[in-house]
Number of protein chains: 2
Amino acid sequence: MTTAEPRSVKIVRHDASVPKAMKQSDEADVVELKGAAKTRQAISDAARELFAHEEYANASVRNIASKAGADPALVIRYFGSKEQLFLETVQFEGFFELAMAGPLEGLGERIVSALLSDQRDAGFSAYRAMMRASGSEVIRRRLLEAIHEMFVEPLAPRLKGPDAALRARLVAAQLAGLIDGIAILEDAELAATDRKRLSEVYGAALQGLIQP
Amino acid sequence: MTTAEPRSVKIVRHDASVPKAMKQSDEADVVELKGAAKTRQAISDAARELFAHEEYANASVRNIASKAGADPALVIRYFGSKEQLFLETVQFEGFFELAMAGPLEGLGERIVSALLSDQRDAGFSAYRAMMRASGSEVIRRRLLEAIHEMFVEPLAPRLKGPDAALRARLVAAQLAGLIDGIAILEDAELAATDRKRLSEVYGAALQGLIQP
DNA sequence: GAAGCATGTCAACACTGTTGACATATGTGG
DNA sequence: CCACATATGTCAACAGTGTTGACATGCTTC
């Protein structure tokens with residue numbers, strides 16, 4: 001993002017070097033990591049936390065390193081670049097499978113409800129972080145992929161009627177708009193609104209795309 | 001955004017100093033600006049252009065200054081900070097008044113159509129820039145205000161039925177989701193979709209919020 | 001012409017991501 | 001057990017960033 005490179009071209013110099021000491025101990029579930037593997041893990045944890053709470057630009061490699069008790073140079077050695085560190089640590093987990101699973105009837109409301117109810121903080125902060133960092137080509141693409149994988153691909157084949165693929169994509173767009181308001185712009189009114197009513201109202205509009 | 005301050009607190013040190021030479025010549029429409037006013041204008045123009053095409057973080061004060069043929073220190077002197085320069089230059093113009101004006105019937109489709117058809121590039125890039133820079137508290141708030149002023153306030157009083165204010169806010173959210181896809185994430189499929197069909201389909205979902 | 005202020009220039013500060021050279025630990029083959 | 005190789009960690013430096021304060025120049029007004 002910064003230095004010594006021509007502004008628009010991005011060259012990845014060396015790949016993220018996974019420490020050799022890193023092997024899955026087949027035994028314990030909670031592995032006591034040693035040496036480099038432990039350091040890498042510490043960096044990863046620190047990065048996840050900082051990227052969730054700070055802006056991309058403000059979560060500095062030096063901050064991450066210090067929080068992990070490691071040297072900034074190690075961060076780059078292990079992950080290649082700050083951008084790759086971001087990509088490896090900030091991710092969506094399986095997110096809407098549950099809500100997605102049910103019948104088409106009432107799906108709109110169920111999705112919105114799932115979005116609001118649970119502790120979706122992890123997903124929210126991932127979306128927020130990627131959205132704000134979407135000036136980076138790779139991150140932008142990654143977010144776009146995630147949207148397609150999570151919504152469009154599972155949904156499109158199930159929709160009946162014309163423009164199924166388009167409508168599936170627009171379902172995702174409509175949801176994105178809601179997350180924008182709640183998680184990125186932190187609209188106080190939106191946050192204060194009764195979840196159930198919000199699910200009903202916005203879910204109904206979603207349903208209009210699902211079953212026109 | 002950067003230096004010498006404790007990370008979270010933001011102190012504005014000196015106000016943007018408007019050059020004294022700046023007076024509206026009451027005569028000509030296109031005023032030939034002189035001295036400082038001209039410089040300020042040049043900086044403003046350069047900033048507008050760079051913020052539209054580059055990310056906030058990548059549009060450096062030094063770049064802006066050099067594009068304007070001025071010294072970086074002058075940029076700060078005139079605008080107070082990079083953040084304030086952003087706020088003063090990146091703005092929405094009157095945007096949806098036209099589409100908003102008509103009857104409630106078919107309003108959803110008209111709004112989407114207005115969003116897509118014209119050259120809305122200026123508005124798109126303003127939204128994109130502010131969204132990506134929304135890690136800054138002031139910028140986040142400004143964007144939120146703009147959304148309320150442009151959509152919620154004009155729309156809410158016109159909506160009939162329950163939850164009018166909420167529904168107006170959700171209309172804005174739904175639109176934001178579409179702009180996300182087109183202008184920020186640059187979804188190729190979305191961009192390739194026939195505008196008319198898109199207006200119809202998404203507009204119908206919007207209409208479900210406008211007239212449930 | 002001199003004082004005063006507007007405007008412009010410059011070098012420096014503390015920060016950023018990233019790199020390359022070095023030091024140390026760790027493990028392996030003889 | 002030593003020697004060697006490699007994995008891991010440390011450090012200083014580079015070019016870039018936003019911002020500041022000290023200085024130089026210009027223009028106005030007494």
Side-chain angles (χ1 to χ4, degrees), chain A residues 1-8 10-23 33-43 47 50-51 54-66 68-86 133 136, chain B residues 1-8 10-23 33-43 47 50-51 54-66 68-86 133 136:
Chain A
M1 209 97 297
T2 318
T3 178
E5 295 168 13
R7 182 146 298 282
S8 47
K10 172 130 315 182
I11 299 166
V12 174
R13 253 169 263 270
H14 50 228
D15 306 314
S17 88
V18 177
K20 306 301 169 179
M22 203 153 182
K23 314 187 159 198
L33 295 173
K34 288 173 192 173
K38 189 171 166 184
T39 306
R40 215 190 118 103
Q41 184 66 33
I43 293 172
L50 275 182
F51 281 137
E54 296 280 340
E55 229 206 328
Y56 180 80
N58 278 359
S60 74
V61 171
R62 281 174 174 84
N63 275 179
I64 293 170
S66 118
D71 191 277
L74 265 191
V75 175
I76 301 296
R77 250 238 264 296
Y78 282 161
F79 292 88
S81 71
K82 182 186 178 182
E83 197 176 44
Q84 286 179 45
L85 173 62
F86 181 92
S136 149
Chain B
M1 206 96 296
T2 317
T3 176
E5 295 167 15
R7 180 147 298 285
S8 46
K10 172 131 313 183
I11 300 167
V12 174
R13 254 169 263 267
H14 50 226
D15 308 314
S17 87
V18 177
K20 305 300 171 180
M22 203 155 181
K23 315 186 159 199
L33 295 174
K34 288 172 189 172
K38 189 170 164 184
T39 306
R40 215 191 118 103
Q41 185 65 33
I43 292 172
L50 274 183
F51 282 137
E54 297 281 340
E55 231 208 327
Y56 181 80
N58 277 359
S60 74
V61 171
R62 282 173 172 85
N63 273 177
I64 293 170
S66 117
D71 192 277
L74 264 190
V75 175
I76 301 297
R77 187 96 54 83
Y78 282 160
F79 292 87
S81 71
K82 181 185 178 182
E83 197 176 45
Q84 287 178 44
L85 172 62
F86 181 92
S136 150

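A, B, ... follow the sequence lines: proteins, then strands. Residue 1 opens every chain.
One can place CD of E83(B) at 15 Å from C1' of dT17(D), the figure rounded to the nearest angstrom. Remark: C1' of dG18(D) and CD of Q84(B) are 13 Å apart, rounded to the nearest angstrom. Atom P of nucleotide dT16(C) and atom CD of E55(B) are separated by 17 Å, given to the nearest angstrom. Distance CZ (F86(B)) to P (dG18(D)): 14 Å, rounded to an integer number of Å. Regarding R40(A), its CZ atom lies at a distance of 12 Å from the P atom of dG9(D), rounded to whole Å. Atom CD1 of I43(A) and atom P of dG9(D) are 8 Å apart (whole Å). Regarding F79(B), its CZ atom lies at a distance of 16 Å from the C1' atom of dG18(D), rounded to whole Å. What separates CG of N58(B) from P of dT16(C) is a distance of 17 Å, to the nearest Å.
When distances are taken from the side chain of V61(B) to each of dG18(D), dT18(C), dG8(C), the shortest belongs to dG18(D). Nearest to the side-chain atoms of D71(A) among the listed nucleotides dT10(D), dA13(D), dG8(C) stands dT10(D). Picking from dG9(D), dT16(C), dG8(C) the nucleotide with the shortest atom distance to the side chain of Y78(B) gives dG8(C). Side-chain proximity of I76(B) to dT19(D), dT8(D), dT18(C): nearest is dT19(D).
Exactly one residue among V61(A), N58(A), N63(A) makes a side-chain contact (heavy atoms from CB on, under 4.5 Å) with L50(A). That residue is N63(A).
Here the shortest heavy-atom pairing between K82(B) and I76(B) reads N-CD1, 4.2 Å. The shortest non-hydrogen separation linking R40(A) to Y78(A) is NH1-O, 3.1 Å.
Base engagement by A73(B) is indicated by at least one non-hydrogen atom pair under 4.0 Å involving a base atom.
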Find every protein N or O atom lying less than 3.5 Å from an N or O atom of nucleotides 22-26 of chain D, and list the pairs.
residue: dA22(D); atom: N6; partner: R77(B); partner atom: NH2; Å: 3.4

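Annotation: side chain to side chain contact (heavy atoms under 4.5 Å, CB included) contacts of A47(A) (sequence neighbours excluded): F51(A), I64(A), L85(A), T89(A). Considering only residues two or more places apart in sequence or on other chains, A70(B) meets the side chain to side chain contact (heavy atoms under 4.5 Å, CB included) condition with T39(B), I43(B).
Taking 4.0 angstrom as the limit, T39(B) places a side-chain polar atom (N or O) nearer than this to OP1 or OP2 of dG8(C).
Donor-acceptor pairing under 3.5 Å, judged by distance alone, is absent between the side chain of R62(B) and the base of dG16(D).
Of the inter-residue distances, the one linking F86(A) atom CZ with S136(A) atom OG reads 8.5 Å to the nearest 0.5 angstrom.
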